[in-house]
Amino acid sequence: QVQLVESGGGSVQAGGSLRLSCAASGDTNSIRFITWFRQAPGKEREGVAVIFTGSGVTSYADSVKGRFTISQDKAQNTVHLQMNSLKLEDTAMYYCAAGRGVIWGTWDTRSNYNYWGQGTQVTVSS
């Protein structure tokens, strides 16, 4: 089993920055990739960024490319999401999720993920 705990959310003005963290514990050696998802009120949950823990390869949603950066600290079993140039439309609950196996379909397909955190709220205001 793996436990994921998100932190770092909060309120920020448009153009500002936040850094989210996802701390993993338990059987972390079984994790192959970790993704940040987000869900805004009335919208479907969407993938934001993924990191493959073995290679460090990353991928991003088009809406955040050039503004967000996902990274990992293997010693701390933590994945970060640095969010810069935040926009009003980035307001959402942000979740991290971890997968153990091979990705079927695309990386943002929710069925690929075995473990989910409880989420951290990000609110961007004008």
Check: T78/D73 side-chain N/O donor and acceptor closer than 3.5 Å: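 Judged by distance alone, the side chains do not pair up.
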So which atom in [X] and which in [Y] form the shortest heavy-atom distance, rounded to 0.1 Å?
X   : Y    : result
A49 : W107 : N-CH2, 3.6 Å
A98 : L4   : N-CD1, 3.7 Å
A92 : A40  : CB-N, 3.8 Å

Salt-bridged, [X] to [Y], with N to O below 4.0 Å?
X    : Y    : result
D108 : R45  : no
K65  : D62  : yes
D27  : R100 : no

Tell me, do [X] and [Y] make a side-chain contact under 4.5 Å, heavy atoms counted?
X   : Y    : value
L20 : T120 : yes
L86 : L18  : yes
Q82 : S17  : yes
V64 : R38  : yes
R67 : D90  : yes
M83 : Y94  : yes
V5  : Q118 : no

CA sep, side-chain torsions, deciding dist, call: S71, H80, side-chain hydrogen bond (donor to acceptor under 3.5 Å, both in side chains): CA-CA 5 Å; S71 62; H80 302 289; 5.5 Å; no
Flag, side chain of [X] to backbone of [Y], donor-acceptor distance under 3.5 Å:
X    : Y    : result
N112 : W104 : yes
S55  : V57  : yes
T28  : S25  : no
T53  : I31  : yes
T91  : V124 : yes

Roughly how far, to the nearest 0.5 Å, is [atom2] of [Y] from [atom1] of [X]?
X    : Y   : atom1 : atom2 : answer
S30  : Q1  : OG    : CD    : 9.0 Å
Q121 : S11 : CD    : OG    : 8.0 Å
E6   : L81 : CD    : CG    : 11.0 Å
Y115 : C22 : OH    : SG    : 13.5 Å
R110 : T35 : CZ    : OG1   : 12.5 Å
R32  : I51 : CZ    : CD1   : 14.5 Å

Evaluation steps, side-chain contact (heavy atoms from CB on, under 4.5 Å), between V79 and I70: CA-CA 7 Å; V79 169; I70 189 170; 3.7 Å; yes
Pair F68 + W36: ring centers closer than 6.0 Å: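 No - the distance between ring centres of F68 and W36 does not fall below the 6.0 Å cut-off.
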Validation row, ring centre F52 to ring centre F33 under 6.0 Å: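 Distance test on ring centres: under 6.0 Å, yes.
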Parallel, tilted or perpendicular: rings of W116 and Y95 (30°, 60°):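 Because their plane-to-plane angle is over 60°, the rings of Y95 and W116 count as perpendicular.
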Option from T69, V50, V48 for which side-chain contact (heavy atoms from CB on, under 4.5 Å) with Y60 holds: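 With Y60 as partner, T69, V50, V48 yield a single side-chain contact (heavy atoms from CB on, under 4.5 Å), made by T69.
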